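Heads up: the structure comes next, in structure tokens.
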Amino acid sequence: MSRIAIIPGDGIGVEVTREAARVLEAARDAFGLDLSLETYDMGAERYLRDGVTITEDEFRTLSDDADAILLGALGDPRVPGQVHARDILLGLRFRLDLYVNYRPCVLLDPRFCPLREAEGRTIDLDIFRENTEGLYVNAGGVLREGTPHEVATQEMINTRHGVERIVRAAFEHAQRHGRGRVTLVDKANAMPIAGGLWRRTFTEVAEAFPGIETDTMYVDAMAMDLVRRPERYQVIVTSNLFGDILSDLAAEITGGLGLAPSANVHPCRHALFEPVHGSAPDIAGQGKANPIGAVRCVALLLEHLGHGAAAAAVDAAVRRTVADGVLTPDLGGAASTEQVGAHVADAVRGAAPAANAV
Ligand code: ATP
């Protein structure tokens, strides 16, 4: 049996996770999967009520017992400094050493693409963002704060170990999914110290994958190219900061935050799936949030657990729902979060193998 921990979190995280869980249950029943789902009360409400973010016991259960974690979103304007989000999400990311941030960006329908001549474009690229190092480790310091002579340093940490493992994860993914090219994105012209490590490591790791073409791009050129000819890219591997920015750009050209899923993974150990969007307090509680990003996380989660047919059924059900025009307002539709979730779940049930059909 696989144990799945569900953390709905805050704001629209709660709404979209309800629909993701509905789809997961539909896949479980339709495909006869042995899955147990357990929901965890972690988020702003609990923090404001009890002053608790995540306990050591909860951390241990998530770390030792859960085969996968499905998270909605964390973030609430009532919590100063978003301390709960830091403890829970960054806590899990760093303590479980989830070094791969995987973001598939697929254009499901040309209508969702804001680029010119969207019709006929095929955007289908996978971003591998390093998730535990780079500029986000918060190394550095401030001198003479608040004076005209203030000095602020924010250091970028790159280790051979950290770079090698994310680069290898990108190549292994390319090999597994029949992707022909991996592109390294950096800024090796202006940042040659970090760039040198990334490029040497990339070249060395690539030697073990002779069937896969390689390519390097500066991040500024990549930002332009993702707008100009995104169909050229298959797998992109990059550092924490560049991956953060490029994956939002890639999400936008494929329909926006509401559609985009992500996985935070330590291969063969831990995996946490979350939609790319945040808790969106401006639309929370109105039934308007697009649940597709969260639902596509379910497909990634099922694939991660080895349930390829069920994952493909969820993916096909999302495409069916889009084709049927059952869309939330962010995509120009009038459907509610729940209506979209229910439509996807029905389509998953319809895809059940005959032996398990209910
Ligand atoms: P965070 O700091 O947690 O990333 P944020 O407020 O900066 O959060 P999001 O919460 O991701 O950013 O959302 C930005 C805006 O995009 C929201 O205010 C909302 O209007 C829109 N948005 C985000 N996710 C969705 C969604 N699933 N469905 C519809 N609109 C969304």
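Throughout, numbering of the chain's residues begins at 1 and tracks the sequence. Bear in mind that the values here come from a model prediction, so they are computed numbers and not experimental data. Just follow the structure's listing: the first ligand is 1, and inside any ligand the first atom is 1.
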- Tell me yes or no: between the side chains of E133 and T159, is some donor less than 3.5 Å from an acceptor?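 Per modelled atom types, E133 and T159 side chains form a pair under 3.5 Å.
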Do you see a protein non-hydrogen atom under 4.0 Å from [atom]?
atom	answer
atom 7 (O) of ligand 1	no
atom 24 (N) of ligand 1	yes
atom 17 (C) of ligand 1	yes
atom 21 (C) of ligand 1	no
atom 28 (N) of ligand 1	yes

- Message: Polar contacts were defined as any N/O atom of the residue lying under 3.5 Å from an N/O atom of the ligand; does this apply to L257 and ligand 1?
- Response: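 No: no nitrogen or oxygen of L257 is under 3.5 Å from one in ligand 1.
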- Check whether any N or O atom of D282, backbone or side chain, sits under 3.5 Å from an N or O atom of ligand 1, and answer yes or no.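 In this structure, D282 places an N or O atom under 3.5 Å from an N or O of ligand 1.
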- Item | Closest to atom 31 (C) of ligand 1 (judged by heavy-atom distance), picking from I292, I283, D330, V340 |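 Comparing heavy atoms across I292, I283, D330, V340, the nearest one to atom 31 (C) of ligand 1 lies in I283.
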Atoms in ligand 1 with a heavy atom of [X] nearer than 4.0 Å:
X	value
I12	24 (N), 25 (C), 26 (C), 27 (N)
G258	26 (C), 27 (N)
A289	28 (N)

- Item | Cluster check V219, I127: I/L/V/M/F/W/Y, side chain < 4.5 angstrom |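 Result: yes, single cluster for both.
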- Taking atom CG of N131 and atom CG of D244, what is their separation to the nearest 0.5 Å?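 Result: 9.5 Å between the selected atoms.
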- Start with the C-alpha gap between E15 and K288, add the side-chain angles, then the distance that decides, and say whether salt bridge (charged side-chain N to carboxylate O under 4.0 Å, His left out) holds. CA-CA 9 Å; E15 298 163 61; K288 293 204 266 200; over 6 Å; no
- Task: Measure T328 to ligand 1 on non-hydrogen atoms and call it side chain, backbone, both or neither using the 4.0 Å cut-off.
- Result: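 Neither; nothing of T328 gets under 4.0 Å from ligand 1.
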- Query: How does P275 reach ligand 1, by side chain, by backbone, by both or by neither, if only non-hydrogen atoms under 4.0 Å count?
  - Reply: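 No part of P275 is near ligand 1 at this cut-off.
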- R78 with E45: basic N within carboxylate O range, under 4.0 Å: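 Yes, this pair counts.
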- Message: The test is ring pair (Phe, Tyr, Trp, His ring centres under 6.0 Å); show your working for F31 and H307 and say whether it passes.
- Response: CA-CA 9 Å; F31 286 80; H307 304 305; 9.2 Å; no
Heavy-atom nearest neighbour in the protein, as seen from [atom], with distance rounded to 0.1 Å:
atom	result
atom 9 (P) of ligand 1	G278 N, 3.4 Å
atom 10 (O) of ligand 1	A280 N, 2.9 Å
atom 26 (C) of ligand 1	N290 N, 3.6 Å

- For residues Y102 and H173, establish whether the separation of their ring centroids is below 6.0 Å.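 Yes, close enough.
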- Kindly say whether the aromatic ring centers of F202 and F171 come within a distance under 6.0 Å.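 For F202 and F171, the ring centres are under 6.0 Å apart.
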- Take atom CZ in R49; do more than 12 heavy atoms of anything else shown fall under 6.0 Å from it?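 Yes, CZ of R49 has more than 12 neighbouring heavy atoms, counting only those of other groups under 6.0 Å.
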- Message: Tell me if the CD atom of E119 is crowded by more than 12 foreign heavy atoms within 6.0 Å.
- Response: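 No - once you tally the heavy atoms of other residues, nucleotides and ligands closer than 6.0 Å, there are 12 at most.
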